[in-house]
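Please read the structure below before turning to the comments.
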2 protein chains.
Amino acid sequence: MRPSKRDELVRKALPIFYREGFHATGMDALVAETGISKTTMFKHFRTKDELILAVLRYRDETFRNWFFRKLDDKALPPKDRLAAIFDILEEWFEEPAFKGCMFIKASSEFQDPDHPAYAQSAEHKRLLQTAFRSICADAGAHDPELLARQLLILKEGAIVAAHMGFDPEPAAIAKATAEQLIANQIDV
Amino acid sequence: MRPSKRDELVRKALPIFYREGFHATGMDALVAETGISKTTMFKHFRTKDELILAVLRYRDETFRNWFFRKLDDKALPPKDRLAAIFDILEEWFEEPAFKGCMFIKASSEFQDPDHPAYAQSAEHKRLLQTAFRSICADAGAHDPELLARQLLILKEGAIVAAHMGFDPEPAAIAKATAEQLIANQIDV
DNA sequence: CATTATATGTACCGATCAGTTCATTAAGTC
DNA sequence: GACTTAATGAACTGATCGGTACATATAATG
């Protein structure tokens, strides 16, 4: 049971940072809400930034797992998997705890491109794009690279719209858009 | 010359908040970089949050002015104005000081929907959407409301992609996408 | 010149920040 | 039972946070 406390900290710190923000969350607040002592926190992570980075890595892993697991569970033929991306997005938006994309927020708070939190955030999006591209290829898109980049931009825009609340049905709008792109790239 | 110092403060504080973030920028840092005394700052704004709100209002005004002025200057026929949105977006992305959308960042740092900075950020996007819709209507779109919402989501996605750097040509990708949507909605 | 309004510098407030020190406790291993 | 490892609580550091107090300076107006 060696590293369990460390994992517990990362797991419990995630929703706090997600809900309150990174700068706005102090170490003392983490102690109060996680029940883990500050001494222990700084034994596992030398700085707050290192903890934040571990939280972001954990988020990247769990989010992508959750997302593509959901997609796989639908057991759709390749050509229908692309539009289904936006159905899963909608499920996410409707969660009560939804507060936008953690990586968009991380890159908003840590703007220095050399900051590891920024780098990790960009990496998360790149990994999504790679996954999208392979789905596009499986679906028989003429230009999988282009379609994946279009779908990712649509997804990010929908997240921003959902978080800021300026569009009541961002996932549906993005899905309708995606379907046009897909129809133009995939022969029926 | 009554409110000049107040305006000067708002004007000078804007790029600092934009570059460094809201929480990460302290009042002392604003004093150091603007050359305006802290006493004066708190004479014009009762709290830091009020200053931030004034900065966001100023940003909303200047950004929309800049954006639609640029669009008008192109003197395009209505049906070509829509795609041109993404050319202006590209100009913005290529500015050396580009650091993403200030309102996306504000809503990332101030997540409480009741926070005035959050409300102002959402309002900015709503104003853009209204402007987009009227351009869509002028262009003869079948469903101006739908098209405007699609274009705004595309624009936000492109901004995120540009800021996080996971796509080398987000404006071009978004424009190519927009052109498909436009072609589907406007008869030639 | 006198008055009024605005801006300034400096020192200060209590609270909070990230991070440390240290003595104590609890649990697992040999 | 001795030893090691991990976790704890609480007090503490120096720096910074947003914001205030106050006395001085500057400038325009009458």
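Lettering of chains follows the sequences in order, A, B, ..., and the numbering in each one begins at 1. Not measured: the values here are computed from a predicted model.
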Can you get from B:Phe98 to B:Val160 by hopping between Ile, Leu, Val, Met, Phe, Trp and Tyr side chains that sit under 4.5 Å apart? yes
- Please confirm whether the backbone N or O of A:His23 pairs with a side-chain atom of A:Glu109, one donor and one acceptor, at under 3.5 Å? yes
Margin query: Less than 4.0 angstrom between a side-chain N/O of B:Thr40 and OP1 or OP2 of C:dT8, yes or no?
Written below: yes
To the nearest angstrom, the NZ-P distance between A:Lys43 and D:dT5 comes to 12 Å
Next item on the list: Hey, can you tell me if A:His124 and A:Phe103 have their rings parallel, tilted or perpendicular (30° and 60° cut-offs)?
Entry: parallel
Write out a two-atom table: protein N or O, nucleotide N or O from nucleotides 18-20 of chain D, distance below 3.5 Å.
| residue | atom | partner | partner atom | Å |
| --- | --- | --- | --- | --- |
| D:dG18 | OP1 | B:Lys48 | NZ | 2.5 |
| D:dG18 | OP2 | B:Met27 | N | 2.8 |
| D:dG19 | OP2 | B:Lys48 | N | 2.6 |
| D:dG19 | N7 | B:Lys38 | NZ | 3.2 |
| D:dG19 | O6 | B:Lys38 | NZ | 2.6 |

B:His44 side chain N/O closer than 4.0 Å to the phosphate oxygens (OP1, OP2) of C:dA7? yes
A:Ile88 and A:Ile104: same hydrophobic cluster, using ILVMFWY side-chain contacts below 4.5 Å? yes
#### Entry: Note, A:Arg149 side chain near B:Pro168 side chain (heavy atom, < 4.5 Å)
yes
Between CD of A:Glu8 and P of D:dA6 the distance, given in whole Å, is 16 Å
ask   = Tell me, do A:Thr130 and A:Arg133 make a side-chain contact under 4.5 Å, heavy atoms counted?
value = yes
Between CE of B:Met41 and C1' of C:dT10 the distance, given in whole Å, is 15 Å
